[in-house]
Amino acid sequence: MKIRARVSMSADGYVTTPTGWPAQTADPAFASGESHGIREFLDGCEAALMGRTTFEPALTNNRWPWPKLDVFVLGSHRPAGTPDHVVTDSDPVRLLERIRTADHGGDVHLVGGPRTIQTFHALGALDTLELVIAPLLFGGGTRLTPGLDPAIGLTFRRERALPGGSVEIVYSCEGSRSPLPGSPASQR
Ligand SMILES: NC(=O)c1ccc[n+]([C@@H]2O[C@H](COP(=O)([O-])OP(=O)(O)OC[C@H]3O[C@@H](n4cnc5c(N)ncnc54)[C@H](OP(=O)(O)O)[C@@H]3O)[C@@H](O)[C@H]2O)c1
C-alpha cells in the first residue's frame, strides 16, 4: 500500500480557484473526463483519504465521487449525511492504522487538501506527491504551501503530458531536506 497525494494546481501555484473550487474544476479539458489522468491513477487505488474540508462538498454532489473506493476522512466530527461506509476519525495516527488494517494491497489516493497532506507527511506516511499542473493562471486562491510545509523533500520520479495541456509530475517523498534559506519553514 502506498499513500499517494495527487493535487491539481494552476501554473502559478494555486490548488484552488480564487473562489475556492479545486483547481481542476477551472480547466475546460477536465469536463471531457479524459484530462488529468485520473482514471489511470485510480486503477491502482483502493481507497481515498482526505480532510474534512475537502470531503464535505461531496455530500451535496449529484454524483458520489469515489464509487469504487473505500473512503477515509480526517476531521473532528462526522459531517451530517456522511454515508455509513465512510470511515471518519479525528486522530490521524488512528486513522492511518484503520487504513492499514483495511489494506488489500492497493494504493490510497490522498485527495488533499494541503493540511491533510502535511499531516500524513509529518507521520512519515506520504509516499508520493503527484502534481497536475494545468495551463492556467489564477492570480489568487489557496496555495499548496504553507499548508504543506515547504521543507518537504521531493525526489523526481516521472512526468507525462496529459490531454488538454496539463502536465503530471510525480515526486517521491522519502525523507525531508533542510528548509530553503528565507522560507517560512526556516524561520520557525
Ligand atoms: N486542487 C486539488 O487537487 C485539491 C484537492 C483537495 C482539496 N483541494 C482544496 O483544498 C482546500 C482544503 O484544503 P485544507 O488544507 O484547507 O483542508 P483539508 O486538508 O481538506 O481539511 C482540513 C481538515 O482536516 C482535519 N485535519 C487536518 N489535519 C489534521 C490533524 N493533524 N489532526 C486532526 N485533524 C486534522 C481538520 O478537520 P476538523 O476541522 O474537522 O478538525 C481540518 O480542518 C479546499 O478549498 C479544496 O477545494 C484542492
Side-chain angles (χ1 to χ4, degrees), residues 3-31 33 35-42 45 47-61 64-66 69 71-82 86-99 108-126 128-150 152 162 164-171 173 184-185 188:
I3 297 187
R4 302 167 63 190
R6 193 170 195 274
V7 178
S8 302
M9 62 197 294
S10 63
D12 54 347
Y14 295 99
V15 299
T16 72
T17 67
T19 50
W21 291 96
Q24 68 271 22
T25 61
D27 184 354
F30 182 65
S35 79
H36 295 245
I38 190 70
R39 286 184 191 153
E40 306 93 282
F41 174 83
L42 289 177
C45 293
L49 165 63
M50 69 209 80
R52 183 189 54 76
T53 309
T54 292
F55 172 68
E56 277 193 341
L59 295 171
T60 50
N61 248 16
W64 181 245
W66 308 284
L69 303 178
V71 179
F72 297 86
V73 177
L74 180 62
S76 53
H77 64 276
R78 189 175 177 87
T82 298
V86 173
V87 175
T88 60
D89 208 306
S90 58
D91 177 5
V93 174
R94 203 166 47 216
L95 187 60
L96 184 57
E97 202 44 54
R98 295 172 79 172
I99 292 166
V108 176
H109 175 197
L110 175 42
V111 183
R115 286 189 286 163
T116 299
I117 298 173
Q118 173 60 27
T119 293
F120 285 92
H121 174 57
L123 292 176
L126 182 64
T128 61
L129 177 63
E130 310 195 16
L131 302 179
V132 176
I133 302 177
L136 301 167
L137 299 172
F138 291 165
T142 301
R143 286 194 181 276
L144 183 59
T145 58
L148 181 61
D149 189 336
I152 187 172
L162 298 171
S166 292
V167 177
E168 178 187 77
I169 309 175
V170 177
Y171 301 98
C173 305
R188 281 178 200 145

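Ligands are counted one by one from 1 in listed order, and the atoms in each one are counted from 1 as well. No hydrogens, no waters, no symmetry mates; every other heavy atom, side chains included, goes into these values.
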Checking a contact table here: which protein heavy atom is nearest [atom], and how many Å away?
atom: atom 15 (O) of ligand 1; answer: R115 N, 2.8 Å
atom: atom 5 (C) of ligand 1; answer: V111 O, 3.1 Å
atom: atom 24 (O) of ligand 1; answer: L74 O, 3.4 Å
atom: atom 32 (N) of ligand 1; answer: P92 CD, 3.8 Å
atom: atom 11 (C) of ligand 1; answer: T16 CG2, 4.2 Å
atom: atom 21 (O) of ligand 1; answer: T53 OG1, 3.3 Å
atom: atom 8 (N) of ligand 1; answer: T54 OG1, 4.2 Å
atom: atom 48 (C) of ligand 1; answer: V15 O, 3.6 Å

- Query: Looking at ligand 1, does P114 have a heavy atom less than 4.0 Å from it?
  - Reply: yes
contact_flag Q118 ligand 1 heavy-atom lt 4.0 Å:
no
Is there side-chain contact between [X] and [Y], with heavy atoms separated by less than 4.5 Å?
X: M50; Y: V71; value: yes
X: I38; Y: Q24; value: no
X: T54; Y: T116; value: no
X: V170; Y: F41; value: no
X: L129; Y: H121; value: no
X: L96; Y: I3; value: yes
X: T88; Y: R52; value: no
X: V73; Y: T82; value: no

Atom indices of ligand 1 within 4.0 angstrom of [X] heavy atoms, with elements:
X: A23; answer: 1 (N)
X: S90; answer: 33 (C)
X: G20; answer: 45 (O), 47 (O)
X: T116; answer: 18 (P), 19 (O), 21 (O), 24 (O), 27 (C)
X: Q24; answer: 1 (N), 2 (C), 3 (O)

Below a 4.0 angstrom heavy-atom separation, can you tell me which part of [X], side chain or backbone, both or neither, approaches ligand 1?
X: P57; value: neither
X: T119; value: side chain
X: S76; value: both

* Between T128 and E130, is there a donor-acceptor pair closer than 3.5 Å when you use the side chain of the first and the backbone of the second? -> no
Would the distance check show the side chain of D12 and the main-chain N or O of G139 forming a donor-acceptor pair, the cut-off being under 3.5 Å?
yes
ask   = With a distance cut-off below 6.0 Å to the six-membered ring centre and an angular limit of 45° from the axis, does R98 pair with F72 as a cation-pi contact?
value = no
Requested in this report: Assign the ring pair W66 / F55 to parallel, tilted or perpendicular, where the plane angle (0 to 90°) is split at 30° and 60°.
Outcome: parallel
**Message:** Regarding ligand 1, does W21 bring an N or O atom to under 3.5 Å of one of the ligand's N or O atoms?
**Reply:** no
